[in-house]
Asker: 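Have a look at this one before I ask anything.
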Amino acid sequence: MDTYEKIIGLAKRRGFLWNSFELYGGTAGFYDYGPLGATMKRRIEDIWRDIYVIGEGFYEIETPTIGIEPVFVASGHVHGFSDPMTVCSNCDSAFRADHLIKGIVEVPDTLSAPEIKQLIDEHGIKCPQCGGVGTFGEVFDFNLMFKTTIGPGTQRMGYLRPETAQGMFINFDRLFRFYREKLPFGVTQIGKAYRNEISPRQGVIRLREFTQAEAEIFINPRDKNHPKFSMVRNAVLRCYPASHQQNDSEGGGDSDAAGDDRAAGVIELTAGEAVDRAIVAHEFLAYHLVLTNHFLVRAGVDPARLRFRQHQPDEMAHYAVDCWDAEVLTDRFGWVEVVGIADRTDYDLSSHANHSQHDLSVVLEYDTPKQVERIVIKPDMSMIGPLYKDKAGKVLAALKNLKEEDLNGDEISIKVDGEEIRIARDVVGYETVIEEVRGEDVIPHVIEPSFGIDRIIYAVLEHSFAEEIVDKETRSVLRLPAEVAPVQVAVLPLLTREELIDPSIKIVDMLRRSGILVSYDDAGTIGRRYRRNDEIGTPFSVTIDYDTLDDDTVTIRDRDSMLQIRVQVRELAEKVHAMMRSGFDSP
RNA sequence: GCGCUGAUGGUCUAAUGGCUAUGACUGGGGCCUUCCAAGCCCCAGGUCCGGGUUCGAUUCCCGGUCGGCGCACCA
């Protein structure tokens, strides 16, 4: 049994993760979070909020999970998020149609489905599976977005969002005002996204409905330095730069098997070095690599099984400047992407500006207004008007665009509708004025860290899972950080006796009132109950014994060391809170 | 989506063309028990779905669903 099986088995048995719709036979690509899973997920999301919403001041917004068609036309998902496919009628194998004609056309992306089909037929493409010629059926587009209709009738198309990002981009102008028209600012969203995967497998690693936590940070394209970079300059990152990935068969490599040397190309360096040596494109991106690293480790990812892999140039979206994936090492799937951190430039805002016909540029005010010398051209319209009649308007516009150097000589040459027109110099007057320019129009660039919460939860489960031999028995333990454990304290009467149960119940109430997630368990022997709690990652167990009745003390038992300390009941809540922050207080 | 393969209590598993479908673990109740899955008694719980063959199907056949592996896919 490999680790994946153990984790999924444990998660199923103990109420972390269940296959959805199991009562009706189940459906691939959907998972339910059970009581412990949902609690753990919420707590991981809260760590994320603590870092991004509170720590960075990036407010969280909430936008619909259904989007209208124009949004996804602008984002490129309607056209780009689908793949042309075709099926061989002989062996029923399905193929990417554009891949079949790769050797024939340079850019198959631009072709329509019928055009691809025609090329396949003309060139007698063989089926890679069975070798059949002329066996391919029609080429059809398979779009990975779930489609629906909005309102009665079927007129208006809607799509379930394939990412949460677009909801933030299309609110840019509102957000910019909210943040009082200053760059940089950030906004976040945690929510569901949907992709109708062709063949989802690998359990929770590839889902049709999943949770994303995304931040969109709008920055000044002229200044990608980060105001707080000095605070993270010395933070160490495990980087796997594109230039070190040559030996990998594929840049992606997220699910290729084995390979113990995969760490070979990984280098450890500080964020400062990464920027100084131009390994990471700029400070803003490096700052967010560090922040991502903080978050993942705090959530319970093993730092030794975490790396930042840079996208290869051909792997990156064409508009992106630089892109890094946080990857975690898993037992069965190898390195798996859990976070993508990209500089998306002005691609999204420009595209929405074009498609929506709304200007999304902002004025960047200079610190001090610049004095700019400018010439103002003053043509004599009483001459030009009668001379050029219906063309006069265009002539005027062309003249206004002239530069000072164009005004030398006796004649001025302009082009109107491709025709050269010469105008006597003395018809056009001009003067030089000093203007105050307060700023310039720019479209902000976007830094986007995008987190796959479900994958992170799986990674945390796997990385915190351990089996150890204690007294010849195997002890399964989830070494979850106290901050993410779905049960923080188990309260256990040493024996199932009324005189111990009564004070135990009182202690449960007391701890719960102080905000601790408590479970109470009096079934079976004390050892069995410790093991049960080890398996779900409960960091501390409080045991009530006969000494409790005498001197009002209880023991606190530490999940990881299995050691115990004795504390006064009146100090218990405070001690537990302290230990959840800074670890078990060893005897 | 294609090919191969599997599916029996919550979990793991045995067996079978007809008989009360096996066992372990877990779970519930009780006895015992003064700190790391001890023991004893009792209880609950199962043949993935649909169709076919058959007097009779959990078992054989076909289709579906789900899982695993390989191929393809993973903006």
Side-chain angles (χ1 to χ4, degrees), chain A residues 1-2 4-6 8-10 12-15 18-30 34 72 75-100 109 127-130 140 142-145 162-163 195-203 205-208 252 254-255 257 315-318 332-333 336-337 340 470-477 492-497 499-500 523-535 541-549 554-559 561-564 566:
Chain A
M1 204 189 333
D2 70 357
Y4 175 81
E5 258 181 284
K6 285 179 184 170
I8 292 297
L10 188 159
K12 202 182 198 178
R13 249 183 309 115
R14 304 309 306 273
W18 294 322
N19 235 304
S20 298
F21 316 119
E22 227 173 20
L23 189 62
Y24 289 94
T27 298
F30 297 95
F72 298 117
S75 71
H77 286 97
V78 168
H79 300 109
F81 206 54
S82 65
D83 298 316
M85 301 197 66
T86 186
V87 174
C88 170
S89 59
N90 185 41
C91 65
D92 286 334
S93 300
F95 297 94
R96 280 280 296 271
D98 53 338
H99 287 186
L100 292 171
D109 303 7
C127 170
Q129 182 71 21
C130 66
F140 57 94
F142 183 83
N143 193 293
L144 258 43
M145 285 193 294
E163 58 176 26
R195 297 178 190 183
N196 200 1
E197 298 283 356
I198 297 171
S199 165
R201 284 194 205 162
Q202 310 168 338
I205 301 292
R206 214 162 131 217
L207 294 170
R208 287 186 165 127
D254 50 341
S255 59
E315 180 186 358
M316 207 154 43
H318 59 89
R332 181 181 286 192
F333 307 115
V336 172
E337 174 194 349
V470 178
D471 294 335
K472 296 180 185 168
E473 295 274 0
T474 303
R475 177 173 94 115
S476 298
V477 53
L492 316 170
L494 183 62
L495 301 172
T496 319
R497 295 262 179 81
E499 62 269 30
L500 295 180
T525 60
I526 189 70
R528 180 195 302 261
R529 285 176 273 156
Y530 285 148
R531 290 292 186 276
R532 270 204 284 252
N533 278 290
D534 289 341
E535 198 186 34
S541 298
V542 169
T543 305
I544 289 81
D545 57 22
Y546 281 94
D547 290 347
T548 310
L549 305 181
V554 292
T555 60
I556 302 177
R557 178 257 195 191
D558 175 48
R559 174 195 67 202
S561 65
M562 298 192 286
L563 297 172
Q564 301 186 347
R566 219 168 167 93

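Order of the sequence lines fixes the chain letters, A, B, ..., with proteins taken first and strands second; residue numbering starts at 1 for each chain.
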Asker: Please tell me if A:Thr525 has a side-chain N or O lying less than 4.0 Å from either OP1 or OP2 of B:U33.
Answerer: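 No, outside the criterion.
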Asker: Any N or O donor-acceptor pair linking the side chain of A:Arg201 to the base of B:G70 at under 3.5 Å?
Answerer: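 Yes.
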Asker: Hey, does A:Gln564 reach any base, or is it just sugar-phosphate, or nothing, if we go heavy atoms under 4.0 Å?
Answerer: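 It contacts base atoms.
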Asker: Scan A:Arg475 against the nucleic acid and name what it touches under 4.0 Å (heavy atoms): base, sugar-phosphate only, or nothing.
Answerer: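 The residue A:Arg475 makes no contact with any strand.
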Asker: Using a strict 4.0 Å threshold on nitrogen-to-oxygen distance, state whether A:Arg13 and A:Glu535 make a salt bridge.
Answerer: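 A:Glu535 and A:Arg13: salt-bridged.
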Asker: For nucleotides B:C31 and B:C12, find the distance between their C1' atoms and express it as a whole number of Å.
Answerer: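 The answer is 29 Å between these two C1' atoms.
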Asker: What is the separation between atom CG on A:Leu144 and atom P on B:G1, rounded to the nearest whole Å?
Answerer: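 Rounding to the nearest Å, CG of A:Leu144 and P of B:G1 are 13 Å apart.
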Asker: In whole Å, what separates the P atom of B:G28 from that of B:G17?
Answerer: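 Rounded to whole Å, the distance is 38 Å.
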Asker: If I compare all heavy atoms of A:Asn19 with all of A:Phe30, which pair ends up nearest, and what's the gap?
Answerer: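 Where A:Asn19 meets A:Phe30 most closely, the heavy atoms are OD1-O, 3.6 Å.
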Asker: For B:U59 versus B:U47, give the span between their P atoms, rounded off to a whole number of Å.
Answerer: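 To the nearest whole Å, 12 Å.
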Asker: What integer number of Å spans the C1' atoms of B:A57 and B:U8?
Answerer: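 It works out to 14 Å between them.
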Asker: State whether A:Arg528 places a side-chain N or O below 4.0 Å from either non-bridging phosphate oxygen (OP1 or OP2) of B:G27.
Answerer: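 Looking at the OP1 and OP2 atoms of B:G27, one of them is under 4.0 Å from a side-chain N or O of A:Arg528.
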Asker: Hey, which of these two, A:Arg13 or A:Tyr24, hits RNA chain B nearer its 5' end, going by closest nucleotide?
Answerer: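 The residue mapped nearer the 5' terminus is A:Arg13.
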Asker: Quick one: A:Arg532 CZ to B:G10 C1', roughly how many Å, whole number?
Answerer: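 For the pair A:Arg532 CZ and B:G10 C1', the rounded distance is 14 Å.
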Asker: In whole Å, measure the gap between the P atoms of B:U22 and B:A38 for me.
Answerer: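 Roughly 27 Å separates the two P atoms.
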Asker: With rounding to the closest Å, how many angstrom separate the P atoms on B:U65 and B:C49?
Answerer: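 Looking at atom P only, B:U65 and B:C49 are 15 Å apart.
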Asker: Within the structure shown, what part of the strands sits under 4.0 Å from A:Arg529 by heavy-atom distance: base, sugar-phosphate, or nothing?
Answerer: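 Nothing: the residue A:Arg529, judged by heavy atoms under 4.0 Å, touches no strand.
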Asker: With rounding to whole Å, what would you report as the distance between B:U26 and B:U11 at their P atoms?
Answerer: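 15 Å, rounded to whole Å.
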Asker: Check every strand shown and say whether A:Thr27 touches a base, only sugar-phosphate, or nothing at a heavy-atom separation below 4.0 Å.
Answerer: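 Answer is sugar-phosphate: A:Thr27 comes under 4.0 Å of backbone atoms only.
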Asker: When the distance from CZ of A:Phe333 to P of B:G68 is rounded to whole Å, what number comes out?
Answerer: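 From A:Phe333 CZ to B:G68 P: 7 Å.
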